[in-house]
There are 2 protein chains.
Amino acid sequence: MARTPTTTDVFNAVAEASRRDLLDALGSGEATVGELAERLGLSQPTVSKHLGVLRAVGVVHVRVDGKHRWYRLNGPALKPIHDWVRTFERTWNTRLDRLDDLLAELHSQEKKQS
Amino acid sequence: MARTPTTTDVFNAVAEASRRDLLDALGSGEATVGELAERLGLSQPTVSKHLGVLRAVGVVHVRVDGKHRWYRLNGPALKPIHDWVRTFERTWNTRLDRLDDLLAELHSQEKKQS
DNA sequence: ACATCATATTCCCATATGGGAATGTGTCAA
DNA sequence: TTGACACATTCCCATATGGGAATATGATGT
């Protein structure tokens, strides 16, 4: 087999740095292919192809307007990544460690009650 | 150019589902190549190679012990992913949604307890 | 020294990649 | 209709992939 296609899921789509840059750029609102190409210093076909990948996994949506195409971010499509990486957050985030402590405390209280 | 090598950064390393599975498996503690291979139903060379990629980007560490090799998770190496995806969190998580998530989590934890 | 166990490494191949260049498609204005 | 514009698509190629099979490495026990 070969490497997992970029359009398989959000993880693969977002692995490419240029595509993360595109999403970052779209964070401030809708944008046109040309605008994005100029902002990121990429060629138009390159941007179009990257946006195609991002659209395939649902992380961007398009709005057609005459000869323009307005791309916009669809944040919730990134949630799987957030949810996955969040399960490891306790290994570096002390604030969440405290949340764990709180949960543990709640659980011990539950045990006492039941 | 070709696709960005898997050992370029954590984003690329973690794009492959099998490697995420490996990290999930290591979440419960150290493990041996053989153990991981059996748990995930992968061949030994496949696991070794995946672990090599994960080690290259620093998301796992190894401890040599005789003819065994104990791999362990190095969570903080995942922080760049967390930091990046977190900038989009507002697009799906309002403050109230977060409270819902917390409550849901508490409930699922309760179920696990009882 | 030897056999065995646990891993790592190499060789193989079908497959997909990202980027450049060129071309296709659809829209608008005159 | 014709041209200009904004994008999408196609064709090209060097490059890396993941997995299977085979082999190498290295430590342990006898």
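By convention in this document, chain letters (A, B, ...) are assigned in the order of the sequence lines, proteins followed by strands, and residues within each chain are numbered from 1.
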query = Where along residues 36-48 of chain A does a heavy atom come under 4.0 Å from DNA chain C, residue by residue in number order?
reply =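 Hits under 4.0 Å, by residue number: A/S43, A/P45, A/T46.
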request  = Only counting residues at least two apart or in another chain, list the ones meeting side-chain hydrogen bond (donor to acceptor under 3.5 Å, both in side chains) with B/R69.
outcome  =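 Result, side-chain hydrogen bond (donor to acceptor under 3.5 Å, both in side chains) vs B/R69: none returned.
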Table of protein N/O atoms under 3.5 Å from nucleotides 28-30 of chain C N/O atoms:
none

Are side-chain heavy atoms of [X] and [Y] found at a separation under 4.5 Å?
X     : Y     : value
A/K49 : A/V53 : no
B/Y71 : B/E30 : no
B/E16 : B/T6  : no

message = Please confirm whether the shortest side-chain N or O distance from B/H68 to OP1 or OP2 of C/dT7 is below 4.0 Å.
response =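 So the side-chain polar atoms of B/H68 do come within 4.0 Å of the phosphate oxygens OP1 or OP2 of C/dT7, strictly under.
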task = Return no unless some side-chain N or O of B/Y71 is found under 4.0 Å from OP1 or OP2 of C/dA8.
result =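 The answer is yes; a side-chain N or O of B/Y71 sits under 4.0 Å from OP1 or OP2.
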ask   = Counting only heavy atoms not in A/R55, do more than 12 fall under 6.0 Å of its CZ?
value =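 Count not over threshold, so no.
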Measure from the side chain of [X], starting at C-beta and using heavy atoms only, and say which of [options] lies closest.
X     : options               : value
A/A2  : D/dA8, D/dT17, C/dC11 : D/dT17
A/T6  : C/dA6, D/dA6, C/dT17  : C/dT17
A/K49 : D/dA8, C/dG20, C/dT17 : C/dG20

ask   = When you match B/W70 and A/E16 each to their closest nucleotide on DNA chain C, which lands nearer the 5' end?
value =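 Final value for this comparison: B/W70.
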inquiry  = Quick check: on DNA chain C, is the nucleotide nearest A/R3 upstream (toward 5') of the one nearest A/H50, or the reverse? Name the residue that is more 5'.
reply    =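 Here A/R3 is the residue nearer the 5' end.
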key: Interatomic distance, B/L54 atom CG to B/T7 atom OG1 [nearest 0.5 angstrom]   =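 Between atom CG of B/L54 and atom OG1 of B/T7 there are 11.0 Å.
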inquiry  = Using only atom types and a distance under 3.5 Å, with no angle test, would you say the side chain of A/R20 pairs donor to acceptor with the backbone of A/V14?
reply    =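 Such a contact is found between A/R20 side chain and A/V14 backbone.
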inquiry  = How close do A/F11 and B/A15 get, counting heavy atoms only, and between which atoms?
reply    =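 Closest pair (atom of A/F11, atom of B/A15, distance): O-CB, 3.9 Å.
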